Amino acid sequence: MKILGIETSCDETAASVVEDGKILLSNVIASSVDLHAAYGGVVPEIAARSHLESILPVVDEAVKSVGWNKVDAIAVTQGPGLSGSLLIGVMTARTLAITKQKPLYAIDHVHAHVYAAYITKTSLPGYKLPAQQPKFPLLALIVSGGHTQLVLFKNHLSYTVLGQTADDAVGEAFDKVAKILGLPYPGGPSVSKAAERGNAKAVKLPTAKMENPYDFSFSGLKTAVLRASQAIVGKDYTLPSYELAGLLSDSQKNDIAASFQRTALETLITPARNAVDEFNPADIVVAGGVAANTELRRLLSKNFGDKVIHTDMKLCTDNAAMIATLGFYKASLGQPKADPYSLEIDPNLSM
Ligand code: KG4
Ligand code: ZN
């Protein structure tokens, strides 16, 4: 069964065809990230306009090598995400489902991030895919720009959310720290690059203590980075954060980035360790944009050995292959189809 996935929840316009929930046939991504960089974050109106320009060429490119007659169904991100962005993907998928007469499936973007790990084969160049699909019970650590969750899957589509962030998502914390340090958007990759050159023990930062052993919190850490940075340049809390980047030296920035990254990743590992001890999962998947962080990958492998399944970096950040893959499981497990005449976006959809 070949599924066309369509993803437009944030700033990536993506389409992909995946066969039987594991073979990647095409994976096309047009990102508007460069257009947002000047503003230091995603501008929803710019993202929506960019989706509108890219969606048809991106879908054409993804289907080109497969052919419409071989596509069995369409899966589209219904939410969560930016309304204007989601609308472009959902309206395109609805129209295609009607005109090409294909069944339509509505997909939860956050849930789908986990399904990138189910892609194990491709003849496309440049992918480093896991050798085997994840086994159940499966522990998923979902770490993206909008979400930080620990989810225990008993089976496909049957899961319990064990814990989540009480405030900011971990990706959001990377993005905010990048802003404080004057590092380019998106913050995750630039903070981790600076961290490679810094001393992770240079700045002492607090880790949050949570009541639920599987919960996370990052907003205190972000504030602690701001206060530490102000102290390093000899100022107090009244110094506006936008003046900091100009006062910090490169080596100070590197040390702050490394110390922040170390603390943020420790904040992820502790609840994951608690869940592994309690539920003894067969496999562990780390999913979402922050899963592209090399140091997080190293730490997870160090802590949990070969139980950890690493997704290719290109499939960690937003893509449509994960949407198509979850679409396959929904279709093959007889989940209800979406009505192409009435499917609506759900910007606040949650697992
Ligand atoms: O999953 P994703 O592409 O979009 C959402 O669904 O949010 O995740 C984007 C997030 C951003 O916050 C970005 O800064 C972060 O993932 N990110 C990283 C890295 N690459 C992307 N964070 C840390 N290290 C990275 N290498
Ligand atoms: Zn995402």
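Just so we're clear, the structure is a prediction, and the values are computed from it rather than from any experiment. Counting starts at 1 for both ligands and their atoms, following the listed order.
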Relative to each other, are the rings of Y115 and Y329 parallel, tilted or perpendicular (30° and 60° limits)? tilted
Measure the acute angle between the ring planes of F136 and H156, then classify it against the limits of 30° and 60° as parallel, tilted or perpendicular. perpendicular
Please determine if [X] and [Y] form a salt bridge, counting it only when a charged side-chain N lies under 4.0 Å from a carboxylate O.
{"X": "D283", "Y": "K135", "result": "yes"}
{"X": "K22", "Y": "D20", "result": "no"}
{"X": "K102", "Y": "D72", "result": "no"}

Counting only heavy atoms closer than 4.0 Å, does ligand 1 sit against the backbone of V290, its side chain, both, or neither? both
Of the backbone atoms (N, CA, C, O) and the side-chain heavy atoms from C-beta on, which set of H109 has a member under 4.0 Å from an atom of ligand 1: side chain, backbone, both, or neither? side chain
Among protein heavy atoms, which sits nearest to [atom], and what does the distance come to when rounded to 0.1 Å?
{"atom": "atom 7 (O) of ligand 1", "answer": "G145 N, 2.8 Å"}
{"atom": "atom 24 (N) of ligand 1", "answer": "N293 ND2, 3.0 Å"}
{"atom": "atom 14 (O) of ligand 1", "answer": "D175 OD1, 2.7 Å"}
{"atom": "atom 17 (N) of ligand 1", "answer": "G289 O, 3.6 Å"}

Please determine if [X] has a nitrogen or oxygen closer than 3.5 Å to a nitrogen or oxygen of ligand 1.
{"X": "G188", "answer": "yes"}
{"X": "G171", "answer": "yes"}
{"X": "D318", "answer": "yes"}
{"X": "T317", "answer": "no"}

Closer than 4.0 angstrom: is that true for some heavy atom of A292 and an atom of ligand 1? yes
Could a heavy atom of H113 be found less than 4.0 Å from some atom of ligand 1? yes
Report yes or no: does H113 have an N/O/S atom closer than 2.8 Å to the Zn ion (ligand 2)? yes
Atom indices of ligand 1, in the order listed, that fall short of 4.0 Å to a heavy atom of S192: 26 (N)
Give the atom numbers and elements of ligand 1 that come within less than 4.0 Å of a heavy atom of G146. 7 (O)
Sequence neighbours left out, what passes ring pair (Phe, Tyr, Trp, His ring centres under 6.0 Å) with H51? Give chain and number order. none
Judged by modelled atom types alone, do D11 and S32 share a side-chain donor-acceptor pair under 3.5 Å? no
S31 and E12 side chains, donor-acceptor separation under 3.5 Å: yes
Centroid-centroid distance, F260 to F174, less than 6.0 Å: yes
Angle subtended at the Zn ion (ligand 2) by OD1 of D318 and NE2 of H109, to 10 degrees? 100°
Value for CG (L124) from CD1 (I23), rounded to nearest 0.5 Å, stands at 11.5 Å
